[in-house]
Amino acid sequence: MKNQNQSFLAFFSKVIFAVAYVAMVSPIASANAASGLPTSIEESTNPQESKVLALSDGQTSADDDDDDDDDLPEVVKTSVFKDISQRANVEVASLRVLRAEKTTWSNGCLGLKSDEVCSQALLPGWQVVVASSTQAWVYRTDESGSIAKIDQKSSQSVTATILKTRTVNEQISSRVTTVERRSQVLAARTTAVSREDEANINAVSRSSMQVSAVTVDVKSKKPGFSLAILQPSGSFEEVIARVSIKGKRGKSYLKERFLGDYKYKIQQKAKFVKGLKTGDRIVVRLYDTQNRFIGYSEFECLSANTAVNLILSNNPSGYKVVRTVYGLDSNFDGAIDSGSKTYDYFTQVNEQRVTFLRSSQQVNVSQFQLEGLSAVASRSVYPASFTQGEYALVQQSISASSSNLAAALKAAPSQLVEVNEVSDDGASTFDVSQKMMDYREVGVANGIQVKFSDVSVNHWAKDFIAELAAMEVIEGFPDGSFRPEEQVTRAQFAAMIAQAFEKAKVRKVASFSDVSSRYWGFNAIREAYQTGFLNSSGNQFKPTQALSRLEAMLAIARGLNYTVTGSTEAILAAYSDATTIRSDVRSSIAALTERGIVVNYPNIETLNADKVATRAEVCALIYKALVSKGEVSDISSEYIGGGNKTEIESRDNDDDDDDDDDDDDNSERKKPKRSCNQGIGNGAEGCDPGNSRPHGGSNDEGGRTPGNKR
């Protein structure tokens with residue numbers, strides 16, 4: 001602690017001007033910010049064990065890159081520095097990051113009091129302490145930096161500590177005459193002064209640890225899970241685990257999507273990474289080697305990596321009961337973290353019916369006791385969503401088979417797709433988002449169209465269109481077409497955005513004179529505006545106005561709060577028509593370019609910013625933006641503007657953004673309504689043709705063809 005305190009004093013003292021680095025100090029946070037922060041979170045890790053990042057800021061430039069992949073993302077750092085510069089009128093180059101701590105905030109307002117409408121969802125993010133020579137700022141952000149809020153009370157507290165330390169050092173420096181003497185005096189005297197400073201700083205830190213958001217080991221950047229198939233005793237040697245996902249979308253779930261069949265030997269584990277978010281439900285159907293259905297389980301992805309254990313009975317073919325035990329595994333050691341919430345429950349299969357049992361009293365518990373796991377409790381422990389609300393499962397008999405399921409979920413293992421072998425060494429790791437693409441045509445639910453009559457196998461945007469359709473972000477027309485070259489209106493784009501991105505609201509709802517509450521895109525337009533993607537012209541939204549490529553790109557950059565980190569002019573030099581890009585938007589286009597989001601068809605070197613955007617182009621843009629956030633696997637394309645994406649995107653995208661709330665902040669998102677005749681109708685059929693998604697670009701009010709320019 002003495003060395004830490006000396007480093008803290010050295011950073012702020014003008015005495016030791018020969019020191020060329022700024023070291024990490026004790027955790028600095030607010031002692032007064034308790035009002036907006038949770039005191040406990042169900043899936044918390046031990047705060048004392050959470051990893052705090054020491055950021056090397058030896059250089060004074062705000063653009064310094066850190067070699068450690070676990071450091072504060074540059075986009076978050078840039079967002080905070082930009083806000084401080086505008087707020088305090090200080091040069092960005094004079095700012096340094098003292099401390100960055102990975103956290104999970106209690107709501108969409110980052111645990112701070114706000115006049116805004118705050119979602120009640122947990123929001124992963126950062127607590128960042130930044131300082132100049134005389135002042136400090138404490139910020140709270142989401143994972144991507146798209147939301148950055150100053151914690152005023154914490155900032156005042158830390159600034160007071162800094163000023164006091166600086167005063168102490170100035171008093172010390174005034175009593176010495178040489179640099180060498182100054183260093184000696186500082187070393188001799190800081191022991192005395194540091195005790196008080198240390199107490200002040202640690203008091204702030206301790207208070208923060210008691211009331212602040214739960215910190216998560218930086219390795220647990222995005223939800224993922226390890227799945228183990230276990231059996232305390234019995235003769236079973238192998239089992240096939242059929243894995244699928246019900247993606248969380250707002251307060252509801254997407255249709256179940258197939259992720260593959262995996263052959264396990266008993267006691268084996270496999271990891272599933274990428275393409276997952278907090279709140280997603282994972283479904284596991286178990287089969288024996290004769291393809292007989294012997295077990296079923298569902299579990300909920302937690303806010304970080306999750307260790308999941310499925311425990312079979314002694315005779316799974318006869319006694320079709322499965323015990324599910326899971327919890328946070330933030331250090332990826334395959335075991336549930338000590339002190340974290342553990343979920344423990346039983347599911348029973350009868351033919352194709354599954355029952356989630358409320359207690360273990362109906363179970364022969366002796367068959368499910370396993371060394372290393374807690375003893376079976378009399379009462380099952382479920383996630384709240386399993387016991388409450390519209391999608392509760394407990395004490396309900398659900399069907400494990402349905403005509404609406406994906407073809408791969410209805411077929412016997414190995415009938416449509418090959419079974420994946422889980423290796424003996426425990427090294428098997430499967431990319432969920434890639435598996436979804438691999439099995440797309442047989443893995444989506446009945447009724448979801450991913451192939452369209454007018455999108456050929458050689459179409460440049462085929463995979464972008466197909467995958468967004470599989471993700472239920474877009475839909476085709478009733479005649480089986482997609483109309484990829486049709487223009488996109490602002491309302492249609494808003495619907496796509498609302499369905500593609502989960503993002504907290506950044507401004508209050510607005511009423512638009514040209515968008516009635518009965519308009520098909522009413523909810524999507526409100527959400528796209530509130531989340532900051534789209535702006536309005538006064539009190540008008542202009543829903544039927546065609547959208548240009550520039551407007552679409554600016555909406556993505558604005559909504560995701562992307563800023564350029566390299567040289568704007570050097571990046572834009574890749575475009576032959578770069579001189580036509582307006583000066584006020586050049587940095588935004590550069591920010592998208594360096595993240596590999598800009599897609600130029602047919603000429604990669606031509607931006608064509610003023611050209612009206614087509615449905616195919618918007619699909620490519622949105623998908624690449626999702627890639628930049630680490631939410632989906634990349635799809636290669638020869639039309640990526642600016643050439644290869646730069647290093648800003650190649651950071652481990654497993655810890656982006658996300659704005660990945662485990663509960664929706666948008667009260668307008670309801671259970672999907674029935675589909676409309678979106679290719680023909682005008683929204684007057686009593687259904688929601690937008691349904692927070694484009695639905696093939698439903699006709700705008702007045703029966704106009706979608707996207708036609710007027």
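Quick note: residue numbers are just sequence positions, from 1. Because only heavy atoms are used, hydrogens play no part in the values below, and waters and symmetry mates are left out as well, while side chains stay in.
The main-chain N or O of Y529 is never found under 3.5 Å from a side-chain atom of T531 such that the two would form a donor-acceptor pair. In this structure, the side chain of S414 does not engage the main chain of V419 through any donor-acceptor pair within 3.5 Å. With E238 contributing its side chain and T289 its backbone, the two residues share no donor-acceptor pair below 3.5 Å. S399 places a side-chain N or O within donor-acceptor distance of the main-chain N or O of S401, the cut-off being under 3.5 Å. Under a 3.5 Å cut-off, the side chain of R490 and the backbone N or O of F541 do form a donor-acceptor pair. Between the side chain of Y326 and the backbone N or O of L310, no donor-acceptor pair lies under 3.5 Å. In terms of modelled atom types and a separation under 3.5 Å, the side chain of R595 and the main chain of A625 share no donor-acceptor contact. Formation of a donor-acceptor pair under 3.5 Å by the R615 side chain with backbone atoms of E485 is not found in this model. K269 contributes no side-chain N or O that, together with a main-chain N or O of S226, makes up a donor-acceptor pair within less than 3.5 Å. At distances below 3.5 Å, not a single donor-acceptor pair connects side-chain atoms of N309 with backbone N or O atoms of A228.
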Derivation of the side-chain contact (heavy atoms from CB on, under 4.5 Å) call for L286 and I229: CA-CA 10 Å; L286 297 173; I229 309 295; 4.1 Å; yes
Residues S628, Y562; criterion side chain to side chain donor-acceptor pair (under 3.5 Å); working and verdict: CA-CA 10 Å; S628 74; Y562 279 164; 2.8 Å; yes
Step by step, work out the side-chain contact (heavy atoms from CB on, under 4.5 Å) result for I640 and K624. CA-CA 9 Å; I640 304 301; K624 281 295 187 179; 3.2 Å; yes
Could you go through the side-chain contact (heavy atoms from CB on, under 4.5 Å) check for S146 and L560 one step at a time? CA-CA 6 Å; S146 58; L560 300 182; 5.7 Å; no
For the pair V444 and K255, evaluate side-chain contact (heavy atoms from CB on, under 4.5 Å) and give the outcome as yes or no after the intermediate values. CA-CA 8 Å; V444 297; K255 296 177 182 177; over 6 Å; no
I'd like to know whether R549 forms a salt bridge (Lys or Arg N to Asp or Glu O under 4.0 Å) with E617, so could you lay out the CA-CA distance, the side-chain angles of the two residues, the decisive distance to 0.1 Å, and finally the verdict. CA-CA 8 Å; R549 281 172 48 82; E617 289 172 329; 3.7 Å; yes
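Across every non-hydrogen atom of K263 and Q268, the tightest pair is O-OE1, 4.1 Å. Shown here for L312 and P316, the closest heavy-atom pair between the two residues is CB-CG, 3.9 Å. Contact detail for Q492 and Q487: the closest heavy-atom pair is OE1-O, 3.7 Å. Considering all non-hydrogen atoms of both residues, E527 and F501 come closest at OE2-O, 4.3 Å. Closest approach of L302 and G327 over heavy atoms only: CD1-C, 3.7 Å. I294 approaches S317 most closely through the heavy-atom pair CG2-CA, 4.1 Å.
Distance check, rounded to the nearest 0.5 Å: NZ of K274 to OG1 of T429 gives 10.5 Å. Rounding to the nearest 0.5 angstrom, the gap separating the CG atom in N305 from the OG atom in S330 is 8.5 Å. Atom CG of D634 and atom CG of L626 lie 11.0 Å apart (nearest 0.5 Å). S397 contributes atom OG, which lies 8.0 Å from atom CG of N350 (distance to the nearest 0.5 angstrom). Here OG1 of T347 is found 9.0 Å from OH of Y296. Values are rounded to the nearest 0.5 Å. Atom CD1 of I525 sits about 13.0 Å away from atom CD1 of I497, to the nearest 0.5 Å.
Not a single salt bridge (charged side-chain N to carboxylate O under 4.0 Å, His left out) links K451 to another residue, sequence neighbours left out. Listed by chain and number, the residues in a side chain to side chain contact (heavy atoms under 4.5 Å, CB included) with S636 amount to none (sequence neighbours excluded).
Side-chain atoms of L254 and M471, non-hydrogen and from C-beta on, never get closer than 4.5 Å to each other. Here the side chains of P484 and I465 are in contact, with some heavy-atom distance below 4.5 Å. Between F477 and E486 there is a side-chain heavy-atom pair separated by less than 4.5 Å. You'll find the side chain of F522 stays beyond 4.5 Å of the side chain of R518, heavy atoms only. With contacts defined as side-chain heavy-atom distances shorter than 4.5 Å, the pair I282/L227 does not qualify. Two residues are said to be in side-chain contact when any heavy atoms from C-beta on lie closer than 4.5 Å; E298 and F386 meet this criterion. For the pair I604/E638, no side-chain contact is recorded, criterion being any heavy-atom separation below 4.5 Å from C-beta on. Inter-residue side-chain proximity for V422 and K265 is flagged as unmet; no heavy-atom pair is nearer than 4.5 Å.
Remark: R285 fails to qualify as a cation-pi partner of F293 under the 6.0 Å distance and 45° angle criteria applied to the six-membered ring.
In the displayed structure, Q396 atom CD is contacted under 6.0 Å by more than 12 heavy atoms of other residues, nucleotides or ligands. The environment of NZ in K611 is crowded: more than 12 heavy-atom neighbours from other residues, nucleotides or ligands sit within 6.0 Å. Within a 6.0 Å sphere centred on CD of E351, heavy atoms belonging to other residues, nucleotides or ligands number 12 at most.
Taking the six-membered ring wherever Trp is involved, the centroid distance between the rings of Y253 and Y391 falls below 6.0 Å. The distance between the ring centers of Y262 and F272 falls below 6.0 angstrom.
Taking a cutoff of 4.0 Å between a charged side-chain nitrogen and a carboxylate oxygen, E502 and K277 do not qualify as a salt bridge. In summary, K248 and D280 do not engage in a salt bridge, as defined by a charged side-chain N under 4.0 Å from a carboxylate O. Salt bridge status for K503 with D142: absent, with no side-chain N to carboxylate O gap under 4.0 Å.
Judged purely by distance below 3.5 Å, without hydrogens or angles, the side chains of D479 and S481 pair a donor atom with an acceptor atom. When only modelled atom types and interatomic distance are considered, T544 and T489 share no side-chain donor-acceptor pair under 3.5 Å. A donor atom on one side chain and an acceptor atom on the other are found under 3.5 Å apart for S244 and E256. Between S303 and T104, the side chains place no donor N or O within less than 3.5 Å of an acceptor N or O (distance only, hydrogens not considered).
Relative ring orientation between F299 and F225 is described as perpendicular, the plane-to-plane angle rising above 60° on a 0-90° scale split at 30° and 60°. Classified by interplanar angle (parallel below 30°, tilted 30° to 60°, perpendicular above 60°), the ring pair Y345/F356 is tilted. In this structure, Y639 and Y601 have perpendicular ring planes: the angle between them is above 60°, well past the 30° mark.
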Pairs under 3.5 angstrom only: tabulate donor-acceptor contacts from the side chains of residues 432-439 to other protein residues two or more places apart or in another chain.
unit_1 : atom_1 : unit_2 : atom_2 : d
S433   : OG     : D431   : OD1    : 2.8
S433   : OG     : S633   : N      : 3.3
S433   : OG     : S633   : OG     : 2.4
Q434   : NE2    : D438   : OD1    : 3.0
K435   : NZ     : N420   : OD1    : 2.9
Y439   : OH     : N420   : ND2    : 3.1

